[in-house]
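Only this structure's heavy atoms are used, side chains among them; waters, hydrogens and symmetry mates stay out.
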Amino acid sequence: MPLLSTIRRRDSSQKKNQIQEQQHTTTQDKMATSSFKKKFHVPFFHNTSKTAPAKDSTLQSVLASTQKKNSPSLRRRTIVHHTDCRRNTIWSDNVDEELVANLAPKELNRQEVLFEIIKTEHEYVRDLRLIEEYFINPIKQAEEKHRKHIVPENLNKVFNSISYFLFIHEVISNCLNERQENQFPLVRSISDILLSYVWVFRAYAPYLIHYEDALRELDESIRKKDKLGRLVRKQQKSPSCRNMPLTTYLLKPFQRLLKYPLLITNLLKGTDKDGFDYDKTVSLKLKLDEVLADVEEQKREHDNMERLRELETRIHGLGQFRLAINNRQLLKESPACQTSFTLKKQPSLRKSLTVMSSPTLNQKRHSVRNLYTLECNDIVLLAERTGATKDGHPVYKLVSRPPSPIDDEPVMVHTRPEDSGVYYED
């Protein structure tokens, strides 16, 4: 019993200390936020709709009636995400209850989405700033001190992307915060702000391209415990990192990129078609989808080129022919004759059937069971499997004649009805 009583007393004292620390940090955050707002100014963005437009007469009447009845309570209300981002708050927790009760469900949902966009943008900037202050800057200082590069190539490119994201999203977040403060408690529009900066997401393509390789390089450095690995492990122990490794923070831009379409779609659902902001929200969604599709296409083209380069290293006998070129896509790498009805009916034939290589001086028969087709969008190669790499990928020897440099354009030839495809002239 004495042990339990001492544990309870310790728990109660710890709770009191936690409450006092939270109150102290809240006041410090308020002072820091006020000083930050005074220092940071965005002169190149003009906030055009700081006041409520005349078209939303219903929202204005609801807001005016609520302000007359409970104006002191509205003045006392503050936006929580400015003071403490760790609290999971919603818009209705920060405004008067009567205002929430008088709003239509659709407009209430719209205000919640607007609040979530502004709040999560603020938190995203906070995480990017943490990466900059606790990892990128100390690593740069270590490189200057030792006069040696310790960051691998792909990880360095990811760090450069994150520094750029911090710069531009800090501007976006400040514009959103300014709009929220000027139109609080009912924010009318933020689509014009996001539409002005939607081009930013094109810069996410290099980050996505080098992200996976950067993670492998970071894991390798931590495993080897080199200078970079030791520095990262040391910085991860900081209380500001909230017990999360650097790999978790490097994932933040990818998560934010996936979340934007969902937030804009929910914002569009909550916006009335007759509302003044509906057309801009539609334009924002269309432009965002276009930009993200372009980013995804760049990532797909890069991955396809890497697959072609990797396959090229596993094929012997290509000569001067280059498999990895622009506009060529690897479609399939599969065993030959796998769709043959005869071989499906009699699988044992794979051991006995052979094919003759192209008519050259050194003709050779090849077993069907070792033959593979390497199919691209403009060419099909026939190769024999001769082994495997350390990673288990097959190694091939080319059986069909590699196209010569003259064979740049494929030629369509007339074939039997059961045949189809693209062939090269002999």
Side-chain angles (χ1 to χ4, degrees), residues 152-158 205-224 247 250-251 254 296-340 343-344 347-358 360 362 364-405 407 410 421-424:
E153 180 182 1
N154 293 286
L155 184 59
N156 186 54
K157 292 180 179 180
V158 169
Y207 161 81
L208 294 176
I209 288 173
H210 301 286
Y211 172 74
E212 294 181 359
D213 293 332
L215 285 188
R216 282 193 288 268
E217 292 172 351
L218 179 59
D219 291 338
E220 185 70 14
S221 295
I222 295 176
R223 186 182 64 83
K224 290 182 177 180
T247 53
L250 293 181
L251 188 62
F254 181 71
E296 186 178 359
E297 181 63 24
Q298 292 184 49
K299 178 68 165 62
R300 189 182 300 110
E301 290 177 358
H302 177 269
D303 292 344
N304 176 74
M305 187 62 64
E306 289 298 317
R307 289 176 59 197
L308 288 173
R309 290 194 183 102
E310 190 271 335
L311 178 60
E312 196 174 87
T313 60
R314 294 188 283 114
I315 302 176
H316 301 287
L318 285 175
Q320 296 181 351
F321 178 72
R322 289 294 169 261
L323 192 62
I325 61 173
N326 292 331
N327 300 324
R328 175 171 289 162
Q329 298 178 5
L330 180 61
L331 304 179
K332 189 168 34 175
E333 179 182 352
S334 59
C337 306
Q338 64 177 355
T339 58
S340 172
L343 291 179
K344 285 183 178 180
S348 59
L349 288 178
R350 285 186 177 274
K351 298 180 180 180
S352 57
L353 285 180
T354 59
V355 295
M356 181 73 70
S357 59
S358 58
T360 58
N362 299 322
K364 184 180 178 181
R365 289 190 172 274
H366 305 272
S367 175
V368 173
R369 63 179 177 178
N370 293 328
L371 290 181
Y372 281 74
T373 55
L374 312 176
E375 184 178 352
C376 299
N377 60 327
D378 61 340
I379 187 175
V380 178
L381 298 178
L382 186 65
E384 182 181 14
R385 177 169 179 170
T386 59
T389 62
K390 295 180 180 180
D391 299 331
H393 299 294
V395 177
Y396 302 107
K397 182 179 181 181
L398 196 63
V399 174
S400 59
R401 179 182 68 86
S404 62
D407 299 330
V422 179
Y423 299 84
Y424 282 86

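Side-chain contact between Val158 and Leu215 is absent, with no heavy atoms from C-beta onward closer than 4.5 Å. Residues Arg314 and Glu333 meet the side-chain proximity criterion, which asks for heavy atoms closer than 4.5 Å. The shortest distance between side-chain heavy atoms of Thr373 and Leu381 does not fall below 4.5 Å. For the pair Leu218/Leu250, a side-chain contact is recorded, criterion being any heavy-atom separation below 4.5 Å from C-beta on. Residues Thr386 and Tyr396 are not in side-chain contact: their nearest non-hydrogen atoms beyond the backbone lie 4.5 Å or more apart.
Expressed to the nearest 0.5 Å, how far CD of Glu301 lies from CD of Glu306 amounts to 13.0 Å. Of the inter-residue distances, the one linking Leu330 atom CG with Arg309 atom CZ reads 13.5 Å to the nearest 0.5 angstrom. To the nearest 0.5 angstrom, Cys376 atom SG is 7.5 Å from Leu311 atom CG. One distance of note links CE of Met305 with CG of Leu323; it measures 9.5 Å at 0.5 Å rounding. Separation of atoms CD (Glu310) and OG1 (Thr313) is listed at 5.0 Å; rounding is to 0.5 Å.
The local environment of CD in Glu212 is sparse, with at most 12 non-hydrogen atoms from other residues, nucleotides or ligands closer than 6.0 Å.
Heavy-atom minimum distance, Leu398 versus Gly317: CD2-O, 3.7 Å. Across all non-hydrogen atoms, the minimal contact from Ala388 to Arg385 is CB-NH2, 4.0 Å. Contact between Ile325 and Leu308 at its shortest, heavy atoms only, is O-CD1, 4.4 Å. The minimum heavy-atom distance linking Ile379 with Phe321 is given by the pair CD1-CZ, 3.9 Å.
When atom types are taken as modelled, the side chain of Arg328 and the backbone of Asp378 share no donor-acceptor pair closer than 3.5 angstrom. Using a distance-only test at 3.5 Å, with no hydrogens or angles considered, no donor-acceptor pair links the side chain of Asn154 to the main chain of Ile209. Using a distance-only test at 3.5 Å, with no hydrogens or angles considered, no donor-acceptor pair links the side chain of Glu375 to the main chain of Lys332. In this structure, Glu217 contributes its side chain and Leu155 its backbone to a donor-acceptor pair below 3.5 Å.
Between Glu297 and Arg300, at least one side-chain N (NZ, or NE/NH1/NH2) sits under 4.0 Å from a carboxylate O, which counts as a salt bridge. Contact check on Asp303 versus Arg307 returns no salt bridge, with no Lys/Arg side-chain nitrogen under 4.0 Å from an Asp/Glu carboxylate oxygen. A salt bridge is defined here as a Lys NZ or Arg NE, NH1 or NH2 lying under 4.0 Å from an Asp or Glu carboxylate O, and Glu220 with Arg223 meets this definition.
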